[in-house]
Amino acid sequence: MSFTEDCDRFGNQLARLIDAGIPVKEAAAAIGLPRQRCYAILRAIDRPAVDPVARPAPPTVR
């Protein structure tokens, strides 16, 4: 299956799992794809999986 087909077939399902708080490693196992492929799909559909701790804090307004 091509990468584009993977994005079309698994993109929404993968995004829903990530939004539900499932780690990418577990989501990848649930849909049967390698973890790195899932990260690539999430980037391609403009839904990068970023650890909330790693996200920069929003600037404070003074």
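- Residue Ile31 holds its CD1 atom at 13.0 Å from CD of Glu26, rounded to the nearest 0.5 Å.
- Sparse packing is recorded around CG of Asp46, with 12 or fewer heavy atoms of other residues, nucleotides or ligands lying under 6.0 Å away.
- Cys38 and Val24 make their closest contact through CB-CG1, 4.0 Å (heavy atoms, listed as atom of the first residue, atom of the second, distance).
- Here Leu33 contributes atom CG and Tyr39 contributes atom OH; the two are 13.5 Å apart, rounded to the nearest 0.5 Å.
- Nearest heavy atoms, Ala15 versus Ile45: CB-CD1, 4.3 Å.
- Take Arg9 and apply the side-chain hydrogen bond (donor to acceptor under 3.5 Å, both in side chains) test, not counting sequence neighbours, and it matches no residue.
- Of all non-hydrogen atoms in Ala44 and Cys7, the two that sit nearest each other are CB-SG, 3.8 Å.
- Between the side chain of Glu5 and the backbone N or O of Ser2, at least one donor-acceptor pair lies under 3.5 Å.
- In terms of heavy atoms, Ile41 sits closest to Gly11 at CG2-CA, 3.9 Å.
- Not counting sequence neighbours, the partners of Arg37 by the side-chain hydrogen bond (donor to acceptor under 3.5 Å, both in side chains) test are Asp6.
- Using a 4.5 Å cut-off on side-chain heavy atoms (C-beta onward), Arg47 and Asp19 make contact.
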